[in-house]
Amino acid sequence: MDVLFLSRLQFAVATYFHFLFVPLTLGLSLLVAIMQTKWYRSGDEDWLRMTKFWGKLFLINFAIGVVTGITLEFQFGTNWARYSIFVGDVFGSLLAIEATATFFLESTFIAVWFFGWNRISKKAHLASIWLVAIASNLSAFWILVANAWMQSPVGYTIRNGRAELTDFLALITQPFAILEIVHTLGAAYITAGFFVLGISAWHLLRRGDTAFFRKSFALAAVWALTFSVFEVAQGHMNAEILQSKQPMKLAAMEAHWETRTNAPIHLLQWPDEENGRNLFEALTVPNALSLLADYEPDAEVKGLNSVPPADRPPVLPVFLSFRAMVGLAFLFIALSAWAVKRRRDPTGSPLLLKLLIFAIPLPYIANELGWTIAELGRQPWIVYGVMRTSDAVSQIAAGQVAISAVAFILVYTLLGAADYYLLAKYARRGPEDTAAAGN
Amino acid sequence: MLETIWFVLWGVLWTGYFVLDGFDLGLGTLMPFVARNDEERRLVFNAQGPFWDGNEVWLLTAGGATFAAFPKTYAVMFSALYAPLMLLLFALIFRGISLEMRSKETAAWWRKSWDCCMTVGSFVAALLLGVAFANIFRGLPLDKDGVLHGNLLTLLNPYGLLGGALFVLLFAVHGSLWLTIKVGGELRERGARMAARLWPVLLAVAVAFLGMTAAVTDLYANILRWPLLALFPLLAVAGLVGSRLFLARRDWWKAWGCSALTIAGAAAFGVAGLFPRLLPSSLDPAGATLTAFNSASSPLTLSIMLGVALVFVPIVLAYQFWVYRNFSFEISAEDLEKGNAY
């Protein structure tokens with residue numbers, strides 16, 4: 001196994017693992033901030049207990065998100081040194097801004113919030129959870145701007161053998177970045193919504209209709225439906241931008257081989273990568289791909305065969321991930337719509353409650369599928385059309401990367417197990433024990 | 001000019017990290033030697049509780065700033081020091097996660113495991129940072145392509161190990177002094193005794209390190225050229241002496257402040273001695289050494305980043321100062337029972 005393969009494996013493990021924790025942090029921080037605000041305004045103790053119960057789960061999740069984030073910044077230097085040299089001027093500055101402007105804020109005030117109950121004024125304490133929520137979401141903004149630049153490089157020129165920044169504003173306002181941010185945050189909010197829905201459903205099933213979990217359920221149901229509908233509606237806009245910026249990713253998502261006008265979408269098909277075609281195509285919707293990509297039924301859509309095989313992303317995993325992600329998105333709309341309808345009387349439908357418990361992991365899967373499409377669909381480029389992944393890797397010994405990759409897998413498995421155990425334990429306990437501990 | 005400003009900022013960020021997270025790492029390292037039971041160990045954890053996370057971001061920012069301002073240095077430094085950096089990373093992961101995990105279960109094996117992660121993680125992080133910086137002072141066997149000729153053992157030379165010992169001791173004294181601020185009673189007395197006992201060892205190692213620095217590096221060359229820079233090592237010495245004097249007077253805050261000054265002075269001495277080099281090469285000092293000038297980003301990036309730093313670093317300092325003011329009260333066993341504690 002070579003350095004390239006091992007470094008990709010290690011980076012994939014580190015990012016997939018990190019991204020199990022980030023979406024919940026982004027969404028749950030806002031939900032907890034909303035709960036605390038409701039308590040601050042109304043004085044209703046239920047909202048206080050909700051803040052503390054969901055806040056505890058938030059903190060357990062947050063800790064792993066933070067420590068695994070450090071790993072990613074380090075790895076650009078350790079494993080992708082040639083990439084770092086080439087793009088540091090543009091990409092590095094975005095990471096540095098994230099750390100200086102937002103990560104400090106988030107990390108400082110999460111502790112203020114946890115240790116600050118009864119130590120600082122109620123107002124300052126409420127402000128601290130809002131600062132955490134806003135800073136986490138702004139952190140995501142900077143990181144996603146950096147990622148969007150890898151997908152669609154703008155505002156730079158190649159000089160002195162590297163990409164040098166020429167237009168910072170172009171970098172942070174490019175449509176690709178905006179869509180990526182909106183799409184990722186939407187997915188994060190759905191994740192948090194279903195997390196709260198699922199745990200509330202578990203308690204409603206076991207303990208009957210408690211005000212605490214009905215309130216949590218109703219808040220999360222409306223929240224999850226809002227963002228699920230938004231996510232599907234907004235997802236369409238990504239096709240248009242992929243068509244102009246990353247045509248091969250779009251082609252791989254749809255297993256679209258030949259460049260043509262009036263391009264259809266086949267609901268059932270199976271790609272045959274070796275021969276550059278599909279094994280079968282059925283349930284065809286004429287002109288649909290052209291319409292999605294360009295809002296014109298006869299628009300031309302580039303096919304995978306328009307570039308040499310070495311320039312194509314791996315088709316099958318991208319194609320399957322895309323279908324699974326879209327399928328899940330529609331399932332989220334259906335489930336959350338049902339939950340909204342039942343929000344005043346959730347215990348009246350035990351079937352819905354059971355389904356919601358099983359739905360907790362689904363947004364996590366959808367998130368990881370989304371990143372699989374984004375990152376695998378970008379291959380073989382690390383910076384689309386500019387730098388190949390194979391040219392980006394460090395000149396280091398394969399042996400040490402093999403050792404570190406194995407260490408990552410072991411350590412992350414351990415951390416994941418401990419974290420899952422604690423989340424499940426505290427989620428099951430419910431708010432009473434939290435209150436008894438005086439927390 | 002921009003390059004020089006960024007070199008200074010680079011030094012400031014590392015100094016900030018060592019001063020702030022230094023006491024967390026020291027406390028973690030010392031925990032088994034000062035805390036005798038579960039309650040005392042919880043006090044040690046909570047003494048760093050409200051601070052460590054914010055402190056650690058100084059490291060991330062120092063890394064991010066290196067990436068942004070000196071990408072080539074970032075790339076070569078991180079890939080050449082691959083093995084020690086990975087070890088540092090795992091040490092920091094285990095240290096950080098132990099804080100959140102430890103209190104969530106009462107089983108003895110669970111708590112012991114996380115205590116062990118805290119102590120080993122803190123010790124290894126302090127040691128590796130010292131070894132890495134001492135080797136950077138000395139120069140790494142790097143060729144023109146930024147490839148290291150050597151391995152982890154190359155870094156474990158006498159000067160590197162002395163640097164590691166220096167960092168561990170500096171942080172240990174810093175941490176035990178922080179403990180005297182944050183707790184009372186018997187634990188405070190043990191913190192004070194620990195600081196007093198470690199102090200002469202730290203003094204001996206510091207003297208040895210300064211002496212050996214003269215022999216194996218040329219960090220003093222800049223000081224001979226610009227004598228004003230001698231202020232930094234002098235501040236470090238003054239801080240070291242001051243910390244012992246204030247410790248004897250049981251003036252905890254001042255003792256800790258002096259120890260912060262020691263760390264800041266020592267870090268500034270190293271950075272000033274390096275200037276304008278960020279990563280000297282011992283193989284090919286003229287051709288392969290990375291400096292603030294040959295590894296810097298474009299003027300546009302440096303200017304934008306300077307704007308960001310000028311706006312945000314003062315804001316960060318302001319709210320972190322606010323946190324230290326509001327949360328550095330003395331904690332007791334009763335505070336642990338209130339629930340908002342590790």
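Note on naming: letters A, B, ... go to the chains in the order of the sequence lines (proteins, then strands), and numbering restarts at 1 for each one.
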For Lys72(B), does the NZ atom sit with more than 12 other heavy atoms under 6.0 Å from it, leaving out its own atoms?
no
Looking at Leu152(B), Leu85(B), Leu89(B), which makes the most heavy-atom pairs under 4.5 Å with chain A?
Leu89(B)
Please classify the contact of Arg82(A) with chain B as side chain, backbone, both or neither, using a heavy-atom distance under 4.5 Å.
neither
At a 4.5 Å cut-off on heavy atoms, which part of Ser394(A) comes close to chain B: side chain, backbone, both, or neither?
side chain
I'd like to check Thr61(B) versus Phe103(A) (side-chain heavy atoms, cut-off strictly below 4.5 Å). Are they in contact?
no
Examine distances only and state if a side-chain atom of Lys425(A) and a backbone atom of Lys104(B) form a donor-acceptor pair shorter than 3.5 Å.
yes
Let me know which of Phe408(A), Tyr412(A), Phe74(A) forms a ring-ring contact (aromatic ring centres under 6.0 Å, His included) with Phe90(B).
Phe408(A)
Quick one: OG on Ser79(B) to CD on Gln75(A), what's the gap to the nearest 0.5 Å?
13.0 Å
Report yes if the side chains of Val401(A) and Met86(B) come closer than 4.5 Å at any heavy-atom pair, otherwise no.
no
Examine whether an atom of Trp58(B) lies under 4.5 Å from a heavy atom of chain A, and if so say whether it belongs to the side chain, the backbone or both; otherwise answer neither.
both
Please report the shortest heavy-atom distance between Ser297(B) and Arg162(A), naming the atom on each side.
C-NH2, 3.3 Å
Among the listed options Val323(B), Val308(B), Leu300(B), the residue most often paired with chain A at heavy-atom distances under 4.5 Å
Leu300(B)
Side chains of Phe94(B) and Val67(A), heavy atoms from C-beta outward: is any pair under 4.5 Å?
no
Measuring heavy-atom distances to chain B, does Val66(A) have an atom under 4.5 Å in its side chain, in its backbone, in both, or in neither?
side chain
Can you say whether Leu94(A) sits under 4.5 Å from chain B via the side chain, the backbone, both, or neither, judging by heavy atoms?
neither
Residues Gly54(B) and Thr108(A): closest non-hydrogen pair is CA-OG1, 4.0 Å
Exercise: identify the closest heavy-atom pair between Ala96(A) and Ala65(B):
CB-N, 4.0 Å
Test item: Glu56(B) and Ile70(A) side chains (from C-beta on) under 4.5 Å apart, heavy atoms
yes
With rounding to the nearest 0.5 angstrom, report the OG1 to CG distance, Thr100(A) to Leu60(B).
10.0 Å
Please check if the distance between the ring centroids of Phe76(A) and Tyr74(B) is under 6.0 Å.
no
Among Phe109(A), Trp80(A), Phe62(A), residue most engaged with chain B (heavy-atom pairs, under 4.5 Å):
Phe109(A)
Option that, when pairs with chain B are counted at under 4.5 Å, heavy atom only, ranks first among Thr68(A), Leu415(A), Val90(A), Ile110(A):
Leu415(A)
What are the two closest heavy atoms between Glu73(A) and Gly64(B), and how far apart are they?
OE2-N, 3.1 Å
By a 4.5 Å heavy-atom criterion (distance strictly below it), what part of Ile120(A) contacts chain B: side chain, backbone, both, or neither?
side chain
Among Pro71(B), Ser295(B), Pro50(B), Ala80(B), who wins on heavy-atom pairs under 4.5 Å with chain A?
Pro50(B)
Is a donor on one side and an acceptor on the other found under 3.5 Å between the side chain of Asn340(B) and the backbone of Phe114(A)?
no
Should Arg119(A) and Asp335(B) count as an ion pair when the cut-off is N to O under 4.0 Å?
yes
Residue pair Ile60(A) / Met101(B), side-chain heavy-atom distance below 4.5 Å
no
Please round to the nearest 0.5 Å and tell me the distance separating atom CZ of Phe78(B) and atom OG1 of Thr78(A).
8.0 Å
In terms of heavy-atom proximity below 4.5 Å to chain B, should Ala397(A) be classed as side chain, backbone, both, or neither?
neither
Go through the atoms of Ala296(B) and report whether side chain, backbone, both or neither lie under 4.5 Å from a heavy atom of chain A.
backbone
Which atoms of Leu422(A) are under 4.5 Å from chain B, going by heavy atoms: the side chain, the backbone, both sets, or neither?
side chain
Using the ring of each side chain (for Trp, its six-membered ring), is Tyr342(B) parallel, tilted or perpendicular to Phe115(A), with breaks at 30° and 60°?
perpendicular
Between the main-chain N or O of Asp89(A) and the side-chain N or O of Thr301(B), is there a donor-acceptor pair closer than 3.5 Å?
yes
Which heavy atom of Ser107(A) sits nearest to which heavy atom of Val57(B), and what is that distance?
OG-CG2, 3.4 Å
Measuring heavy-atom distances to chain B, does Leu165(A) have an atom under 4.5 Å in its side chain, in its backbone, in both, or in neither?
both
Is it true that the side chains of Tyr82(B) and Ser404(A) contain a donor and an acceptor less than 3.5 Å apart?
yes
Mind ranking Ala418(A), Gly77(A), Ser93(A) by heavy-atom pairs under 4.5 Å with chain B and telling me who comes out on top?
Gly77(A)
Below 4.5 Å from any heavy atom of chain B, which atoms of Thr166(A) appear? Answer side chain, backbone, both or neither.
backbone
Ignoring hydrogens, what is the shortest heavy-atom contact between Leu105(A) and Tyr319(B)? Give both atom names and the distance.
N-OH, 2.9 Å
Structural part of Phe329(B) lying under 4.5 Å from a heavy atom of chain A:
side chain
Ile304(B) portion near chain A, given a 4.5 angstrom heavy-atom threshold
side chain
Identify which of Asp419(A), Ile64(A), Leu95(A) forms the greatest number of heavy-atom pairs closer than 4.5 Å to chain B.
Ile64(A)
Engaged part of Glu105(B) at the chain A interface, taking heavy atoms whose separation is under 4.5 Å
both
Does Phe312(B) form a ring pair (Phe, Tyr, Trp, His ring centres under 6.0 Å) with Phe104(A)? I'd like the steps, not just the answer.
CA-CA 10 Å; Phe312(B) 284 100; Phe104(A) 263 125; over 10 Å; no
